[in-house]
Amino acid sequence: MLKVYNTLTRKKQEFVPQEPGKVGMYVCGVTPYNHPHIGNARPFVTWDVIKRYFRKKGFEVKHIQNFTDMDDKIIKAANTEGVDCSVISERYIKSYFEAMDKLNVQRADLYPKVTEHISDIIAMVQKLIDNGYAYELEGDVYFSVEKFPEYGKLSGRKLEDMQAGARVEVDQRKANPMDFALWKSAKPGEPFWESPWGKGRPGWHIECSTMSLKYLGETFDFHGGGSDLIFPHHENEIAQSQCCCGNYHSFAQYWLHNGFITIDNEKMSKSLNNFITVPDILKLYPGEVVRFFILRTHYRSPLDFSEERIKEAQAGLLRLKTAYDNGQELLEAREGNTENDVLLAENAQKALADFYEAMDDDFNTALAIGYMFTLAKEINTYANSVINHKGDFDKKHFGQLMDVYNEMAEVIGIFEGSLEMPTEDDGKDGISPEEIEALIAERAEAKKAKNWARADEIRDGLKAQGIILEDSAAGTKWKKA
RNA sequence: GGUGACAUAGCCAAGCGGUAAGGCCGAGGUCUGCAAAACCUCUAUUCCCCAGUUCGAUUCUGGGUGUCACCUCCA
């Protein structure tokens, strides 16, 4: 039984899908005005695992994620460069996809864009006006928070409290300072669309309401994003959507919010300019390492980024991957001659049950990954005993254990790419695999003749070229440093 | 000012009423011609502090201290 922490109720609750066997999720995407930073990546990696989990459990998942491709920051960037807004948004949407691909983030089913849903948005705004929840003011349209008695239920704030502490400059024309824009009239030089209220463009929150309702229906399962979106973004989405539907229990049923990635214990954000972009970090570390770094911590906990932490993640992931390689190699290299080690399969089933129990508890990837380490040790121990002692090999049961390990890796989304960083000499003046194999063969001869000097000379020579040799009873393996 | 979250070994991180998972680093050992990898052993009488509830609390309650976040664009 899956339990998830719902921001709306502030507690863990059992997940009951709207439609049995199906899951609808809307994840707030990015505003493409810059490269994604590592903090931006957290929700997408998190939701990718959630999606993988549901698919593994046999659910039919519909995942919608928007691009807010029209907004003040995009306009500003476009004006600075003297180009059209679409040039900016297209560029960073491309960057977003490149980054996510390297983090093994599978594609959503649909990536709706604001600019392609203007008429839907206008219709929704009009409906809110017609229903008495919104009002027009000189070309702008505002949502009247006082008309929605449940305003504040997601973030747990009262309207009075917010007004007391508001630090924003208040537009005196608004009925209530907290009223927010559904439609903004165009200022000179800004892009605009024609509307019943004149030339303008959508406010910030309306696009997510419109697009989620359009693609997932009035009531759907999950809505997610970073916890900084709880207020005002998601609070406002709830207000708009539920008032539009006339049902205060409609819209997303489970609200999941991930914690921040901090740097030096401060929130990483574009406005503080203390962020590290994903493209930059990918120049130094493989995507899977970055992904693993994110998943080692529960998604709701804060996560501090530093070189030390990412190196730890790298060492840990390498350990898991080495076990996978060791096990895979054993399966490929040897024929089985016994079926006595039933304990292998039993332990595997136990580990898999533990793994899913962890995932069922609000997607506890940190705990789940812990169980992968337990299996890794079991794989290594067994492989070692078979190779070193040339003992019996229960290929069937060991294979089952490897299948379980693989299934875990598929949910977490690792072992899909290389853990090696591309180097400059790749494909050029670097040593070829054939040459390496030839040297290994020569070294094997030298070892046979107990010519240790020559054997070590070859090994050191290869090491100088970034090739590490590992001897074992099964032969010599090589890998890049 | 309002609201919320968090505080577990050198570092990271699970657990959240029954006596501290896991990873990284470090030390010793096994294997090996030597390495590497792997494996084994060791590394928190204790979970920020103080009260309380309880047979029993890291886990619950109250109070402190500290850190962070939201209330303004932000994943």
Side-chain angles (χ1 to χ4, degrees), chain A residues 7 10 27-31 33 36-47 71-73 76 152 155-158 160-169 178 204 224-233 235 257-262 265-272 275 292-293 296-298 300-304 306 308-309 311-320 322-323 325-326 354 358 361 364-374 376-377 379-385 387-389 447 450-453 455-456 459-460 463 468-473 476-479:
Chain A
T7 306
R10 268 166 284 275
V27 180
C28 275
V30 295
T31 298
Y33 71 101
H37 63 61
I38 180 151
N40 290 315
R42 167 121 92 151
F44 307 121
V45 169
T46 298
W47 282 94
D71 130 303
D72 292 347
K73 294 183 289 297
K76 193 179 165 203
S155 54
R157 308 156 201 259
K158 299 188 194 80
E160 311 86 76
D161 295 341
M162 288 189 278
Q163 285 163 313
R167 282 182 270 156
V168 239
E169 208 174 313
M178 295 310 292
W204 175 29
S227 44
D228 49 354
L229 295 180
I230 295 170
F231 193 90
H233 187 55
E235 192 71 72
H257 293 95
N258 59 275
F260 296 122
I261 290 186
T262 57
N265 286 312
E266 283 219 314
K267 178 182 171 183
M268 187 183 292
S269 80
K270 287 175 183 170
S271 47
L272 290 176
F275 61 90
F292 192 70
F293 160 77
R296 281 170 79 218
T297 302
H298 184 91
R300 278 191 287 117
S301 302
L303 173 56
D304 196 50
S306 72
E308 190 188 351
R309 306 288 146 66
K311 280 198 176 357
E312 269 185 32
Q314 188 168 36
L317 180 59
L318 186 62
R319 179 173 162 77
L320 292 180
T322 301
D325 291 342
N326 290 159
D354 285 342
D361 184 11
N364 193 339
T365 53
L367 222 206
I369 286 170
Y371 295 124
M372 285 198 76
F373 279 102
T374 308
K377 179 174 283 191
I379 290 166
N380 283 326
T381 303
Y382 189 76
N384 260 1
S385 77
I387 293 170
N388 291 147
H389 307 300
K447 281 176 67 179
K450 297 205 189 300
N451 183 355
W452 309 126
D456 290 348
R459 185 170 63 197
D460 294 344
K463 190 177 181 184
I468 304 287
L469 295 190
E470 287 179 14
D471 294 337
S472 79
T476 299
K477 284 194 291 185
W478 65 272
K479 65 178 182 185

Nucleotide of [options] approaching [X] most closely (side-chain heavy atoms):
X: A:R459; options: B:rG33, B:rC39, B:rC73; value: B:rG33
X: A:K267; options: B:rG33, B:rA75, B:rG2; value: B:rA75
X: A:E308; options: B:rC11, B:rC39, B:rG33; value: B:rC11
X: A:D161; options: B:rA75, B:rU3, B:rG23; value: B:rU3
X: A:K73; options: B:rA75, B:rC39, B:rC73; value: B:rC73
X: A:K377; options: B:rC71, B:rC39, B:rA37; value: B:rC39
X: A:K270; options: B:rG33, B:rA75, B:rG23; value: B:rA75
X: A:A315; options: B:rA37, B:rC24, B:rA75; value: B:rC24

[X] [atom1] to [Y] [atom2] distance, which is reported to the nearest 0.5 Å:
X: A:E235; Y: A:T7; atom1: CD; atom2: OG1; answer: 11.0 Å
X: A:S227; Y: A:K267; atom1: OG; atom2: NZ; answer: 7.5 Å
X: A:K479; Y: A:L318; atom1: NZ; atom2: CG; answer: 5.5 Å
X: A:K270; Y: A:H37; atom1: NZ; atom2: NE2; answer: 5.5 Å
X: A:K311; Y: A:Q314; atom1: NZ; atom2: CD; answer: 6.5 Å

May I ask you to say what [X] touches in the nucleic acid, namely base, sugar-phosphate or nothing, with a heavy-atom cut-off under 4.0 Å?
X: A:N265; result: sugar-phosphate
X: A:M268; result: base
X: A:G224; result: nothing
X: A:F260; result: base
X: A:I230; result: nothing
X: A:R309; result: sugar-phosphate
X: A:G225; result: sugar-phosphate
X: A:I369; result: nothing

Rounded to the Å, how far apart are [X] [atom1] and [N] [atom2]?
X: A:R157; N: B:rG4; atom1: CZ; atom2: C1'; answer: 8 Å
X: A:D228; N: B:rC68; atom1: CG; atom2: P; answer: 17 Å
X: A:I387; N: B:rC31; atom1: CD1; atom2: C1'; answer: 13 Å
X: A:E470; N: B:rG33; atom1: CD; atom2: C1'; answer: 17 Å
X: A:D304; N: B:rC12; atom1: CG; atom2: P; answer: 8 Å
X: A:D471; N: B:rA36; atom1: CG; atom2: P; answer: 12 Å
X: A:N388; N: B:rA38; atom1: CG; atom2: C1'; answer: 8 Å
X: A:F293; N: B:rC24; atom1: CZ; atom2: C1'; answer: 14 Å

Given A:N40 and A:F275, is the side chain to side chain contact (heavy atoms under 4.5 Å, CB included) satisfied, shown in steps? CA-CA 10 Å; A:N40 290 315; A:F275 61 90; over 6 Å; no
How far, in whole Å, is [M] from [N] if one measures between their [atom1] atoms?
N: B:rA13; M: B:rA38; atom1: C1'; result: 24 Å
N: B:rC25; M: B:rC40; atom1: P; result: 16 Å
N: B:rU61; M: B:rC16; atom1: C1'; result: 15 Å
N: B:rU45; M: B:rU53; atom1: C1'; result: 24 Å
N: B:rC68; M: B:rU8; atom1: P; result: 15 Å
N: B:rC24; M: B:rC31; atom1: P; result: 23 Å

Measure all distances between protein nitrogen or oxygen atoms and nitrogen or oxygen atoms of nucleotides 14-16 of chain B, and list the pairs falling under 3.5 Å.
{"unit_1": "B:rA14", "atom_1": "OP1", "unit_2": "A:H298", "atom_2": "N", "d": "2.8"}
{"unit_1": "B:rA14", "atom_1": "O3'", "unit_2": "A:N364", "atom_2": "ND2", "d": "2.9"}
{"unit_1": "B:rG15", "atom_1": "OP1", "unit_2": "A:N364", "atom_2": "ND2", "d": "2.8"}

Has A:N380 got a side-chain N or O lying under 4.0 Å from the OP1 or OP2 atom of B:rC39?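 Looking at the OP1 and OP2 atoms of B:rC39, one of them is under 4.0 Å from a side-chain N or O of A:N380.
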Does the A:T374 side chain pair with the main chain of A:G370, one donor and one acceptor, at a distance under 3.5 Å?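 Such a contact is found between A:T374 side chain and A:G370 backbone.
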Looking at A:N364 and A:A358, would you say the former's side chain and the latter's main chain have a donor-acceptor pair under 3.5 Å?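 Side chain of A:N364 to backbone of A:A358: no pair is present.
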A:K377 side chain near A:R319 side chain, heavy-atom distance below 4.5 Å: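 Yes, their side chains come closer than 4.5 Å.
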Taking 4.0 angstrom as the limit, do [X] and [Y] come out as a salt bridge?
X: A:E312; Y: A:R296; answer: yes
X: A:D325; Y: A:K477; answer: no
X: A:D456; Y: A:R459; answer: yes

Earlier contact from the 5' end, RNA chain B, for A:L318 and A:G29: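 Between the two, 5'-proximity favours A:L318.
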Start at the 5' end of RNA chain B and walk down; is the nucleotide closest to A:L469 or to A:N384 reached first?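 Counting from the 5' end, the first nearest nucleotide belongs to A:L469.
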Kindly say whether, by distance alone, the side chain of A:S271 makes a donor-acceptor pair under 3.5 Å with the base of B:rC73?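 Such a pair is found, so the answer is yes.
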Pairing string, 5' to 3', for RNA chain B - Watson-Crick or wobble contacts under 3.5 Å, brackets [ ] where pairs cross, | to another strand: (((((((..(((.....[...))).(((((.......))))).....(((((..]....))))))))))))....
For A:W452 and B:rG33, say yes or no: do the ring centres fall under 5.5 Å of each other while the ring planes differ by less than 30°?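 It does: the ring sits over the base of B:rG33.
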